[in-house]
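These notes concern the structure reproduced below.
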Amino acid sequence: MRRAFLRRCLAGAATAIVLATGTISVASADSAPAPACRDGDTWDMVCLRERYAGPTARWPAPTIDPGITWTEWTTVPPVDASPQSWMAANAGRDELARDVRKPEIVALGQMLFFDAHLSRKGQVSCASCHMPQRAFSDGRPLALGEDRLMGRRRSPSLLASPFAPRLFWDGRADTLKAQVLGPVQDSREMNHDLASAIARLQGLPPYPTQFLKAFGPAAEDTASESAPASMSNRSVVDSDRLARALAAYVATLRPQASRFDAFLRGDQRALNDRELQGMHLFRTQARCMNCHSGAMLTDHQFHNIGLSFYGRRNQDLGRFEITRDPADLGKFRTPSLRNVSQGGPWMHNGLFADLKGLLRMYNAGMGRDAAPADPPDPYAPPKSRHIRPLDLSADDIDALLAFMKVL
């Protein structure tokens, strides 16, 4: 029986689609999942471990739908790696790349991130909704801001933020610097207009000194040597520098290292049998790699998985509310799965308090499409064609859960 398993595994490896680089691939329309090193409910772990031995470039390609471009898993790039290897290629990258290399700017951003003075009444800080111990989310279904006002969506993890071309669940910010100022001004979050927030920081020690240390004097101060020192210290605090400092700190955030990273680096015993089964299912029958690939286990794209609640009380049309493009109806940004077990409840609306329940919902094909209408409703969000029932057993779901807990 074991020889038969190995023959099937080798046949699957021969038909897997892997480019020479081993990093990016597009599956053909006719490609079928490689054999799973199992017979019914019985796994052949020798076969499975052989398939995932060695570098990821030699692993069998995952099950990918036609037209999907995917990136192979890697460890997360460190902050001191070349910015071109990890920072999102958006308009703010060059400035952000310079700022993250300046410890004084990062330290100032960290101080601001944990300081409730940024909110109008001093009740909440950035860290109130983005807690380090919760994968920089907050553990609540919906965000809570000043005066306990509840937002419409869950606080997303910040771990993928420096890697993402567009930010927030709906992609409304196109740079990290634009993203960090949004919560300060939002009436349901920090509820503080920027002018008032800056005025507060200008009069709040040690911020004038720390801004001066991080960024140097303001341009107008260098042009006028006769300006009083007190005025110079106040003028170095402005909204652009506030955003730069916060963005630089957020760009240094990284997920906690895990046994998954050790496995990617070649430690074949880092995952136990159950977790390795789950990893294989994640890449094949569960179809997760269609959206969760690359170092951060996300494609940074926007998808409708059927949770817009169209026409119902909790309706949220996601990216469409920003673009007004019907192609964006019900779409939300793919979250990173790094440290995912620490970041619940899950989904943009915090709908799932239990990660196993979420996996069961995916197994069933996730949320339903809007009911057909006559004439057709042009605003009914069509669910992504990549979401479909998975036919996973209860045992498969348990294996997937075991794998996700080590991410």
Closest non-hydrogen contact found for G92 with T175 is N-CG2, 3.7 Å
State whether the side chain of T75 and the backbone N or O of D261 hold a donor-acceptor pair below 3.5 Å, judged by distance alone.
no
Take a 6.0 Å sphere around CG of D41 and say whether it holds more than 12 heavy atoms from other residues, nucleotides or ligands.
no
When rounded to the nearest 0.5 angstrom, what distance separates CG in L204 from CG in D115?
6.5 Å
For S157 and A135, indicate whether the former's side chain and the latter's backbone hold a donor-acceptor pair under 3.5 Å.
yes
Backbone of G54 reached by a side-chain donor or acceptor of W59 within 3.5 Å:
yes
Is the NZ or CZ atom of R254 both under 6.0 Å from the centre of the six-membered ring of W86 and within 45° of that ring's axis?
yes
Carboxylate-amine/guanidinium proximity below 4.0 Å for R38 and D396
yes
Near-ring test Y52/H280, centroid separation under 6.0 angstrom
yes
Within a strict 4.5 Å, meaning less than it, do heavy atoms of the Q202 and F211 side chains meet?
no
Taking N191 for its side chain and R120 for its backbone only, find out whether a donor-acceptor pair lies under 3.5 Å.
no
Flag the pair P141 / L351 as yes when at least one side-chain heavy-atom distance between them is below 4.5 Å, and no otherwise.
no
Hey, does H303 have a side-chain heavy atom less than 4.5 Å from the side chain of D299?
yes
Quick check: do M347 and I305 have side-chain heavy atoms less than 4.5 Å from each other?
yes
Taking the six-membered ring for Trp, are the ring centroids of Y379 and Y310 within less than 6.0 Å of each other?
no
Begin with the C-alpha distance, continue with both residues' side-chain angles, and end with the deciding distance and a verdict on salt bridge (Lys or Arg N to Asp or Glu O under 4.0 Å) for R172 and D170.
CA-CA 6 Å; R172 62 185 181 272; D170 53 22; 3.0 Å; yes
Calculate, to the nearest 0.5 Å, the distance between atoms CE and CH2 belonging to M296 and W73 respectively.
14.0 Å
Inter-residue atom distance T56.OG1 - F263.CZ, 0.5 Å rounding:
10.5 Å
Student check: side-chain heavy atoms of L358 and M366 closer than 4.5 Å
yes
Show your working on salt bridge (Lys or Arg N to Asp or Glu O under 4.0 Å) between D273 and R49 and close with a plain yes or no.
CA-CA 9 Å; D273 288 353; R49 288 197 179 276; 3.0 Å; yes
CE/M131 to CD/Q342 distance, rounded to the nearest 0.5 angstrom?
13.5 Å
Hey, does the Lys NZ or Arg CZ of R274 hover above the aromatic six-ring of W43, less than 6.0 Å from the centre and inside 45° of the axis?
no
When every non-hydrogen atom of E189 is compared with those of P183, the smallest separation belongs to OE1-CB, 3.2 Å
Closer than 3.5 angstrom, by distance alone: can the side chain of E275 be matched with the main-chain N or O of L271 as a donor-acceptor pair?
no
In terms of side-chain geometry, is the basic nitrogen of K356 or D354 positioned less than 4.0 Å from the acidic oxygen of its partner?
no
Is a donor on one side and an acceptor on the other found under 3.5 Å between the side chain of K177 and the backbone of L96?
no
Which atom of M190 lies closest to which atom of V184, heavy atoms considered
CB-O, 3.5 Å
Would you confirm whether R319, through its side chain, and L329, through its main-chain N or O, come within 3.5 Å as a donor-acceptor pair?
no
Evaluate side-chain contact (heavy atoms from CB on, under 4.5 Å) for D316 paired with F332, printing each intermediate quantity in order.
CA-CA 10 Å; D316 189 339; F332 295 89; 3.6 Å; yes
Would you say the side chain of V250 lies within less than 4.5 Å of the side chain of F113, judging by non-hydrogen atoms?
yes
Side-chain (R283) to main-chain (G278) donor-acceptor, under 3.5 angstrom
no
Give a yes or no on whether R148 atom CZ has more than 12 heavy-atom contacts from other residues, nucleotides or ligands under 6.0 Å away.
no
CZ (F352) and CH2 (W346) are apart, to the nearest 0.5 Å, by 11.0 Å
State the CG-CZ distance between L355 and R360, to the nearest 0.5 angstrom.
11.5 Å
Any side-chain heavy atom of L108 sitting closer than 4.5 Å to one from Y207?
yes
With no hydrogens and no angle check, is any side-chain donor or acceptor of R287 less than 3.5 Å from a backbone partner on T284?
no
Taking all atoms of both residues into account, what is the closest heavy-atom pair of N349 and L307, and its distance?
ND2-O, 4.1 Å
Hey, are D147 and Q123 close enough side-chain-wise for a donor-acceptor pair under 3.5 Å?
yes
L118 side chain reached by L201 side chain, heavy atoms, under 4.5 Å:
yes
Considering all heavy atoms of both residues, which atom of V100 and which atom of V106 are nearest to each other, and what is their separation?
O-CG2, 3.9 Å
I'd like to know if R140 and D138 make a salt bridge, using a cut-off of under 4.0 Å between side-chain N and carboxylate O.
yes
Are any of the side-chain nitrogens in R244 or D99 under 4.0 Å away from the carboxylate oxygens of its partner?
yes
Between D328 and T323, is there a donor-acceptor pair closer than 3.5 Å when you use the side chain of the first and the backbone of the second?
no
Ring centres of F302 and W169 under 6.0 Å apart?
no
Closest heavy-atom pair and its distance - S341, K405:
OG-O, 3.9 Å
Carefully, step by step, assess K331 and F320 under the rule side-chain contact (heavy atoms from CB on, under 4.5 Å).
CA-CA 7 Å; K331 290 185 176 181; F320 172 78; over 6 Å; no
Do the side chains of R388 and D65 get close enough for a salt bridge, i.e. N-O under 4.0 angstrom?
yes
Can we say E321 and R152 salt-bridge, meaning some charged N sits less than 4.0 Å from an Asp/Glu carboxylate O?
yes
